[in-house]
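Because only heavy atoms are used, hydrogens play no part in the values below, and waters and symmetry mates are left out as well, while side chains stay in.
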Amino acid sequence: MSDQVRVRFAPSPTGPLHIGGVRTALFNYLFAKQHNGTFILRIEDTDQARYVEGAEDYIVSALNWCKIPFDEGPGTNETYGPYRQSERKHLYKAYAEQLIASGNAYYAFDTPEELEFHRTNHEQNGKTFIYNWHNREKLKNSISLSNEEVQKRIAQGEDYVIRFKSPQDQTLHLTDIIRGNITIDTNILDDKVLFKSDGMPTYHLANIVDDYLMKISHVIRGEEWLPSLALHQQLYDAFGWKAPQFAHLPLILKPSGKGKLSKRDGDKLGFPVFPLQWKDPETNEISRGYKEDGYFPETMVNFLAFLGWNPGTEQEIFNLEQLVKAFDLTRVHKSGARFDPEKAKWYNHHYMQEQDNGALASAFKTSKEELSVIDVNYIELAVELVKERATFLGDFWGLSHFFFVTPQTYEEKAFKKAVKEDTRVVLSQVDKILADVDDFSKETIEKTLKTWITENAIGFGKVMMPLRLALVGDLQGPDVFDIIFLIGKAETQKRIAQLLNTITSSN
């Protein structure tokens with residue numbers, strides 16, 4: 001099987017790629033790589049009315065950012081190209097006519113107004129209008145009309161569609177890798193349009209033809225396509241082609257677990273639903289992206305992999321290589337997967353700890369104007385000390401600003417907690433001790449101060465709390481002795497003196 005696995009991710013360029021689409025791409029990628037197969041990107045742009053400028057480039061950029069690039073696709077190894085359906089439209093008409101010739105499809109001349117009349121009429125009688133075996137002989141199509149009449153209408157340029165002729169009184173037996181065996185009564189199926197009056201195929205025909213011509217072995221797609229499985233299997237049968245294996249992924253649900261995740265949920269609850277930031281070319285509305293919000297691609301891959309799949313173990317941290325080895329379609333759940341924004345943050349915190357400190361320091365420096373004149377090596381030392389508390393790059397300033405800027409104020413509650421009657425005397429003695437330290441290493445500073453505290457039987461809190469307040473402006477932050485070492489003797493003494501002055505003026 002390893003040489004024959006070919007899967008495709010086939011989005012429509014009708015807007016930004018939703019996070020659910022990224023998960024579909026990821027699962028296809030993992031399956032392909034696990035079997036030494038090929039991951040293909042195909043752009044399904046047959047719906048020209050909904051085409052959005054820039055959407056295709058966005059899709060490619062999103063896949064590249066997630067580090068799940070395609071092996072074949074537009075502009076890449078076009079072995080079975082072109083990979084945009086709009087550039088393949090010359091292919092589909094012949095296949096539609098092949099189905100007519102074999103009796104599996106027919107021309108239909110019903111106008112939109114006539115179909116709307118039938119729909120309304122059925123609704124008024126409490127029924128649902130379905131165009132299929134029970135009424136097609138009464139409607140305007142090549143089944144009810146003579147061959148001469150059909151040819152005359154076509155020759156006159158009358159609009160028509162080509163519909164699939166769904167069979168009557170049959171039971172379809174379908175198989176899905178995730179959902180198992182499925183049976184469908186063909187009597188409930190409608191005669192879907194395969195070819196539109198504008199000369200373009202519908203999704204159903206184009207995707208079947210393309211999957212066949214591109215030798216797709218497995219179709220891994222979202223649950224929303226499950227109702228189309230019956231038609232697609234019938235199309236393969238009608239053409240006499242071997243169908244690929246199908247796997248329909250579960251829906252990604254709202255954080256509440258009720259209903260499908262949408263952009264509105266993200267807007268309402270304050271998290272992105274797109275991998276990258278997107279600017280709508282018509283409205284100029286900007287939608288947030290995970291990349292711009294400070295998430296790492298490793299976070300997104302690990303987080304999305306667990307939306308509807310688990311490895312059967314307690315392990316939650318997987319890099320891409322580990323996911324390729326562990327992934328198994330049979331372990332994908334049937335039921336919907338609840339989207340948990342807090343879990344995404346949990347993953348990002350983990351991957352933050354794995355980032356290179358130098359790279360983080362460079363990014364931090366670029367992001368903050370106050371750091372533009374500060375040596376990046378110094379920034380890197382500060383980053384190393386606060387990184388374990390950070391989830392996003394945007395957290396660094398709040399966690400480390402005191403390494404770069406002398407505190408000008410003191411947090412009110414912290415001041416009241418740290419400053420006692422004897423704090424001025426204690427801090428003055430600390431200042432003198434630090435002034436006499438020649439080897440200003442962390443180890444020497446720590447040993448000197450701790451020895452003095454112990455020998456004089458002073459409570460550690462009496463010294464360390466006001467000292468931290470002087471250095472940070474609050475009672476937060478990394479180890480006090482790391483801070484003292486990094487900002488240096490002169491700055492430390494300056495900050496102690498500043499707090500002493502504040503205490504004096506507040507009395």
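Taking the six-membered ring where the residue is Trp, Y29 and F39 present perpendicular rings, their angle passing 60° and hence far from 30°.
A distance-only check finds a donor-acceptor pair linking the side chain of R331 to the backbone of N310 [under 3.5 Å]. The main-chain N or O of A230 is never found under 3.5 Å from a side-chain atom of Q233 such that the two would form a donor-acceptor pair.
When the side-chain hydrogen bond (donor to acceptor under 3.5 Å, both in side chains) test is applied to N377, the partners found at least two apart in sequence or on another chain are D375. By the side-chain hydrogen bond (donor to acceptor under 3.5 Å, both in side chains) test, N319 pairs with no residue at all, sequence neighbours left out.
Residues T120 and E116 form a side-chain contact, since some pair of their non-hydrogen atoms from C-beta on lies under 4.5 Å apart.
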- Task: Test N132 against H134 for side chain to side chain donor-acceptor pair (under 3.5 Å), laying out the working first.
- Result: CA-CA 6 Å; N132 67 3; H134 85 280; 2.6 Å; yes

- Task: Begin from the C-alpha positions of Y203 and W225 and carry the test ring-ring contact (aromatic ring centres under 6.0 Å, His included) through to its verdict.
- Result: CA-CA 11 Å; Y203 168 83; W225 295 112; 4.1 Å; yes

- Task: Quick one: do Y106 and D191 satisfy side chain to side chain donor-acceptor pair (under 3.5 Å)? Show the steps, please.
- Result: CA-CA 10 Å; Y106 58 93; D191 291 359; 2.6 Å; yes

- Where do F303 and Y295 land on the ring-ring contact (aromatic ring centres under 6.0 Å, His included) test, with the steps shown first? CA-CA 11 Å; F303 172 62; Y295 288 84; 8.2 Å; no

- Message: The test is ring-ring contact (aromatic ring centres under 6.0 Å, His included); show your working for W241 and Y95 and say whether it passes.
- Response: CA-CA 12 Å; W241 299 337; Y95 286 99; 5.7 Å; yes

- Task: Run the numbers on K140 and D110 for salt bridge (Lys or Arg N to Asp or Glu O under 4.0 Å), then give the verdict.
- Result: CA-CA 5 Å; K140 203 182 296 181; D110 316 270; over 6 Å; no

- Message: Apply ring-ring contact (aromatic ring centres under 6.0 Å, His included) to residues H35 and F31 and explain how you reach the verdict.
- Response: CA-CA 7 Å; H35 297 290; F31 185 78; 4.6 Å; yes

- Candidate pair K192 and D190, rule salt bridge (Lys or Arg N to Asp or Glu O under 4.0 Å), full reasoning: CA-CA 6 Å; K192 291 286 188 190; D190 58 338; 3.6 Å; yes

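Across V161, I100, N141, a single residue satisfies side-chain contact (heavy atoms from CB on, under 4.5 Å) together with Y107, and that is I100. Each of L231, L229, L174 was compared with I184 under the side-chain contact (heavy atoms from CB on, under 4.5 Å) criterion, and only L174 meets it. Tested against K33, the residues T38, D71, N28, V7 include a single side-chain contact (heavy atoms from CB on, under 4.5 Å) partner, D71.
Separating the CZ atom in R179 from the CG atom in L226 is a distance of 5.5 Å, to the nearest 0.5 Å. One finds the CG atom of L235 at 11.5 Å from the CG atom of D211 (value rounded to the nearest 0.5 Å).
The residues E44 and R42 are annotated as salt-bridged, a charged nitrogen and a carboxylate oxygen being separated by less than 4.0 angstrom. Taking the charged nitrogens against the carboxylate oxygens, E72 and R6 do have a contact shorter than 4.0 Å, which makes a salt bridge.
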